[in-house]
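Have a look at the structure below, then the notes.
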Amino acid sequence: MNGPTSGTPTGSRGSLQNDAQASPSTPPPAPFPTFGAAKNDRADALAIVGLTVTYRIRGRDREVLHDVSLRVRRGEAYGLVGESGCGKSTVAMATLRYLPRNGKVKAGRISIGGEDVHALDADRLRVMRANAISMVYQDPARALNPSLTVARQVAEAFEAAGASRTDALARTPDLLRRVRIAEPERVMESFPHQLSGGMQQRIVIAMALASNPALLILDEPTTGLDATVEAEVLDLIAQLRAELDMAVLFISHNLAVIGQMCERVGVLYAGRLVEEGATRDVFTRPRHPYTVGLLRCLPASGRSKDLDRLDTIAGQLPSPGEAPPGCIYADRCRLADERCRREAPPPWRVNAPHGEQMARCHYHERAIELPRATTRVTDANGADGTRGMNGTNDTSGTAANANGDGTLERPRDDTLILRAERISKTFHVGGTTVRAVDAVSLDLAAGETLGLVGESGSGKTTLAKLLLGLIAPDEGSVIELDGAPLPPRVTARNDDQVKSLQIVFQNPDSALNRAHPVKRLIGRALSRLGSLHGPAREARLNALIEAVRLPDRYLDARTRQLSGGLKQRVAIAQAFAGNPRIVVCDEPTSALDVSVQAAILNLLADLQREHGVSYVFISHDLHVVRYLSDRIAVLYVGRLLEVGPAAAVFDGPHHPYTEALISSVPALDGRSQGKRIRLSGDPPSAASPPSGCVFHTRCPRKIGALCEQEDPPFTDAGDGHRIRCHIPVAELRALQNVTRER
């Protein structure tokens with residue numbers, strides 16, 4: 001394999017350990033290298049040169065960052081992406097000089113606005129943190145003190161910057177208005193638990209902006225938020241950045257969010273910056289195989305499990321401190337040869353359409369041609385490693401089973417196995433009646449995936465618990481399995497009924513006992529659900545392990561020793577121990593990297609093809625829902641507003657609420673799906689829903705008193721697609737086509 005014929009390698013940035021020890025009066029270091037750093041870092045909000053960070057683990061220093069150099073210009077948004085464990089958050093913590101006690105900067109220089117962070121004494125560092133740099137963390141609930149009001153916490157941010165308490169409280173309402181919070185005086189008197197997740201994140205952003213920082217670091221600020229709330233938070237960040245000319249370092253595993261928010265992007269792998277450039281260039285023509293792999297993992301618009309399996313990245317990240325002689329990515333790269341394993345690639349740089357692009361790959365020109373790690377659905381046979389739970393090759397995906405359009409004939413028919421008729425659930429909380437699920441009717445066919453979508457509080461998880469019998473529905477609700485009534489409580493269901501409905505939770509830690517090894521966890525599920533013992537249980541356990549692609553070496557491991565993706569595989573194996581007919585998947589991939597997410601989605605699709613199992617799939621990631629679902633149901637404040645085939649629901653016509661959800665989803669090219677529909681206010685409380693159409697208080701297409709006074713009926717949009725709206729289907733189609741054209 002020949003080397004690249006164009007592009008120029010830059011030299012090593014080397015170690016700047018002495019700079020980190022310099023006094024504030026020490027002259028500036030030598031000019032930055034030509035790539036990835038400005039010649040005068042005082043023009044940059046953040047400049048990192050040759051950063052190497054180690055953690056002391058079991059008596060040894062292990063490198064978690066190696067020779068990382070990047071810069072964020074004033075007013076610029078820079079995205080940092082990569083799998084969990086690649087070092088993204090460590091970059092942020094080192095920038096703040098806030099590494100854990102076992103971490104240290106071994107070499108390199110970090111400067112903010114030209115100030116060497118590691119040359120500052122404690123007082124000057126405190127002043128810099130209070131005035132020049134702020135950080136917003138992933139979980140706003142953990143960043144806020146539950147025992148203090150919003151007013152007190154936001155005021156503290158002003159006080160840290162030197163304001164008096166009286167002045168701080170006086171300035172708080174204006175700051176809350178800046179982050180688009182209506183009625184700030186009311187919100188100031190609230191405690192964090194009384195606010196929605198999106199509102200909590202706005203409060204955290206307000207606290208971060210109290211000092212008008214030159215640099216704002218965002219560490220996964222929208223993970224776990226609904227599509228509409230995520231869009232609002234991202235809009236807010238973009239507007240504030242423009243107003244304040246603020247630089248942003250945006251850390252995320254959501255590549256679409258980075259595509260929307262950031263001008264430039266850096267890709268971290270195992271503590272090394274392997275690619276960097278303008279976001280449009282990197283996402284359009286990536287030049288490192290790792291970046292190519294990440295982009296191919298995404299369930300992009302229009303992709304379906306019936307047509308195309310998601311590509312994955314084989315193998316795992318190297319352990320911290322591992323330093324092979326050649327390319328750090330060689331063991332997982334399908335372009336690697338002996339040169340890659342022998343020689344570490346230099347940072348090749350080329351002129352791309354929107355600026356300079358760097359990639360640490362010997363064959364960066366051919367990276368875009370990277371062979372797939374997984375075969376396509378229509379080509380799949382035993383050769384792709386897909387094996388059934390009985391240990392035989394799974395040939396359900398062979399080309400012989402493919403339809404003429406390339407879609408796969410799956411073991412699915414129109415036989416209804418589950419029916420829920422006017423199912424409701426009312427809670428009584430502190431004397432208040434809360435109607436969490438209100439007269440929802442759904443059905444599920446064999447081998448079908450029904451996606452449940454809607455904002456937090458819409459009743460998705462409550463509905464799932466009702467189907468599983470974890471909570472009992474109200475009187476008059478009907479749940480049937482194979483046409484026979486299903487007892488409302490799981491404790492009253494027989495063994496076959498319990499085995500037929502299983503669940504995979506969002507957080508596998510909540511379903512896995514940390515005290516037991518993997519083999520025992522799955523074995524206990526087999527004993528309880530499969531009634532298997534002795535050799536039969538051992539054979540079935542081995543088949544399950546193989547089916548969920550769990551390496552044998554992890555059988556004796558405790559869950560604390562497993563990655564998030566491996567834990568989720570164990571949880572899926574537990575759910576399938578009793579050969580379930582229906583599996584409820586409640587946000588099973590929301591906390592996973594895109595590479596792990598792709599593997600789990602492929603696994604769920606493979607198991608469905610092999611066994612004809614049905615899924616109820618809950619997620620706020622609409623790309624994932626569209627990829628995996630055959631039909632989609634849209635919930636809002638406990639009511640069903642739309643249900644139909646996935647393509648029909650996404651392509652329209654659709655309910656105005658569905659239209660707003662879909663328009664909020666970012667795409668890799670930085671654009672939302674059509675014209676962005678902004679909803680005003682928060683969803684109404686299920687304790688006091690509005691009269692008429694439950695959505696009329698936020699609906700951008702409201703047609704007057706009719707919406708306020710009468711609950712709309714379902715109208716038929718064809719092919720089983722039903723929409724609960726007063727606006728006729730033809731008019732919805734015309735209105736939404738006009739919106740898309742704009």
Side-chain angles (χ1 to χ4, degrees), residues 380-397 410-412 417-418 446-447 449 468-469 481-482 490 493-505 508-559 561-563 565-586 588 599-616:
N381 52 33
D384 74 340
T386 303
R387 298 179 66 83
M389 289 191 186
N390 57 5
T392 61
N393 284 348
D394 173 18
T395 59
S396 63
R410 294 184 291 111
R412 174 187 161 203
I417 58 173
L418 184 70
T449 299
L468 290 160
L481 182 67
D482 292 326
V490 68
R493 297 177 182 178
N494 61 40
D495 289 345
D496 286 340
Q497 291 169 334
V498 171
K499 287 190 295 184
S500 292
L501 283 91
Q502 292 294 306
I503 185 168
V504 177
F505 294 96
D509 285 325
S510 65
L512 302 177
N513 190 323
R514 295 168 59 88
H516 298 316
V518 167
K519 187 173 183 178
R520 185 176 179 191
L521 290 172
I522 300 176
R524 289 183 67 185
L526 285 169
S527 298
R528 296 171 66 90
L529 297 175
S531 301
L532 296 176
H533 305 279
R537 189 181 79 163
E538 193 70 18
R540 173 68 175 160
L541 185 145
N542 291 333
L544 267 176
I545 293 298
E546 191 171 6
V548 299
R549 325 291 191 263
L550 186 68
D552 291 343
R553 64 181 180 274
Y554 294 113
L555 288 180
D556 294 323
R558 286 351 189 236
T559 57
Q561 298 171 290
L562 305 181
S563 67
L566 289 172
K567 290 177 185 177
Q568 200 60 287
R569 289 174 186 268
V570 175
I572 292 171
Q574 282 187 319
F576 276 82
N579 284 323
R581 302 181 61 201
I582 301 166
V583 176
V584 175
C585 302
D586 191 358
I600 294 299
L601 293 177
N602 282 343
L603 172 61
L604 291 173
D606 290 343
L607 292 173
Q608 186 175 64
R609 278 190 286 269
E610 181 182 353
H611 295 278
V613 65
S614 301
Y615 296 129
V616 176

Any non-hydrogen side-chain atom of Ser614 less than 4.5 Å from a side-chain atom of Ile417?
yes
Separation of Asp552 CG from Asn542 CG (nearest 0.5 Å)
7.0 Å
Distance from Asn513 atom CG to Thr559 atom OG1, nearest 0.5 Å?
7.5 Å
In this structure, CG of Leu418 is separated from CD1 of Ile582 (nearest 0.5 Å) by 4.0 Å
First locate atom CG of Leu481, then atom CG of Leu501, and finally report the distance between them rounded to the nearest 0.5 Å.
6.0 Å
Residues passing the side chain to side chain donor-acceptor pair (under 3.5 Å) test with Asn602, sequence neighbours excluded, are none
Side-chain heavy-atom pair Ile572, Arg569 within 4.5 angstrom cut-off:
no
Counting N and O atoms only, with roles assigned by atom type, does the side chain of Gln568 sit under 3.5 Å from a partner on the main chain of Phe505, one being a donor and the other an acceptor?
yes
Anything under 30° is parallel, anything over 60° is perpendicular, the rest tilted; go ahead and classify Phe576 against Tyr615.
perpendicular
Looking at side-chain heavy atoms only, is the closest gap between Cys585 and Thr449 below 4.5 Å?
no
In this structure, are over 12 heavy atoms from other groups packed under 6.0 Å from Arg528 atom CZ?
no
Pairwise distance CG(Leu604) to CZ(Arg609) - rounded to 0.5 angstrom:
10.5 Å
Non-hydrogen atoms of Ala575 and Val504 that approach each other most closely:
CB-CG2, 3.8 Å
Nearest-0.5 Å distance, CG of residue Leu550 to CG of residue Leu562:
7.5 Å
If you define the side chain from C-beta out and look only at heavy atoms, does anything of Val583 sit under 4.5 Å from Gln608?
no
Any pair with a residue in residues 494-504 that passes side chain to side chain donor-acceptor pair (under 3.5 Å), sequence neighbours left out, goes on the list, sorted by first then second residue, please.
none
Report, one line per pair, each donor and acceptor closer than 3.5 Å where one atom sits in a side chain of residues 515-526; sequence neighbours left out.
| unit_1 | atom_1 | unit_2 | atom_2 | d |
| --- | --- | --- | --- | --- |
| His516 | ND1 | Arg520 | NH1 | 3.1 |
| His516 | NE2 | Arg524 | NH1 | 3.4 |
| Lys519 | NZ | Glu538 | OE2 | 3.3 |

I need the minimum non-hydrogen distance between Leu566 and Pro551, along with the two atoms involved.
CD2-CD, 4.3 Å
Using modelled atom types only, decide if a donor and an acceptor are shared between the side chain of Tyr554 and the backbone of Val570 within a distance under 3.5 Å.
no
